[in-house]
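The block underneath contains the structure these notes are about, expressed in structure tokens.
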Amino acid sequence: MLGAVIGDIAGSVYEFSNTKDYNFEMFPTGSNFTDDTVMTMAVAEWALNNDICADIKAQTKLLESIIVDVAKNVPCPMGGYGAGFHTWLFHPERLIDYRTGRVASGRCPYNSWGNGSAMRTSSVGWLYDDMDTTLKVAETAASITHNHPEGIKGAQAVTAAIFMARNGASKEDIKKYITTKFHYNLDQSWEYLHDTYEWDSSCQGTVPQAIISFLSSDDFEGAIRRAISIGGDSDTLACITGSIAEAYYKDIPEYMVSKAMSLLPVRFRKVLGMMGEKGYYSIW
Ligand SMILES: [Mg+2]
């Protein structure tokens, strides 16, 4: 989960000023966490307090209250929220129910396939003992807003990759599982992506590229460098890549850990501490 935060911070400056240089400056002046970290922490806070045996309405209600509370109390220092999610968060009275075309009676999912569901899911990959539960919780965490099949798929694919990586699966096994289960094309080379990839904020245009950046890397920092230097939605790509790379490599350079921890507010550092008590791999 800290890998997601580090990726987000590393990509924050490059989101709106893309680089194709693999040797870009890590953490240039102005680097900070963005909505990817804020929502990662919100989902983690929920997952740590959620009863997965409760009915889905109760789980969703708790998730909504935590997401809204975190967003209101910990503003994004950089960037902001996508338009649809911003309305869901701060102006639910303006939400249109996409199923009826009428004004919604409260917060409701808006059929999004944006990469927001995939960038906020990393804690779920760490907390459960089996893949079925992991995928089910990932679906719940996504569906509160991103209930389009691609939105759910993106969150589940990232969560599954983290679950497998932290349990010692090989890159070949992770690639095979993701390809078979979610039908993403992971056969493109990173070099091809580096030459051709352009901005895409959908799950289906972000998650496979983030996974390829991880699969083609040799270590955590290299994975982050690969995710950012293909261009596009850099903070979210690196957030997703970092979340998987952390689970796989376990080892994160100390300077990257220190940078992230120096920027995080107390509430988020507490969430990381609680994840540690639950058995989450603790590196700080
Ligand atoms: Mg962001």
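Note that ligands are numbered from 1 as they come in the structure, with each ligand's atoms numbered from 1 the same way. Just so it is clear, the values below take in all heavy atoms, side chains as well, and ignore hydrogens, waters and symmetry mates.
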Got a sec: is T34 within less than 2.8 Å of the Mg ion (ligand 1) via an N/O/S atom?
yes
Using the ring of each side chain (for Trp, its six-membered ring), is H91 parallel, tilted or perpendicular to H86, with breaks at 30° and 60°?
tilted
Considering only N, O or S atoms of D36, the one closest to the Mg ion (ligand 1)
OD1
Shortest-distance N, O or S atom of D235 relative to the Mg ion (ligand 1):
OD2
Answer yes or no: is there a side-chain heavy-atom contact under 4.5 Å between R120 and D35?
no
Strictly under 2.8 Å, is any N, O or S atom of D35 next to the Mg ion (ligand 1)?
yes
Taking atom types as modelled, is there a side-chain donor on Q209 or S213 under 3.5 Å from an acceptor on the other?
no
Taking the side chain as every heavy atom from C-beta outward, state whether W126 and E246 have any atom pair closer than 4.5 Å.
yes
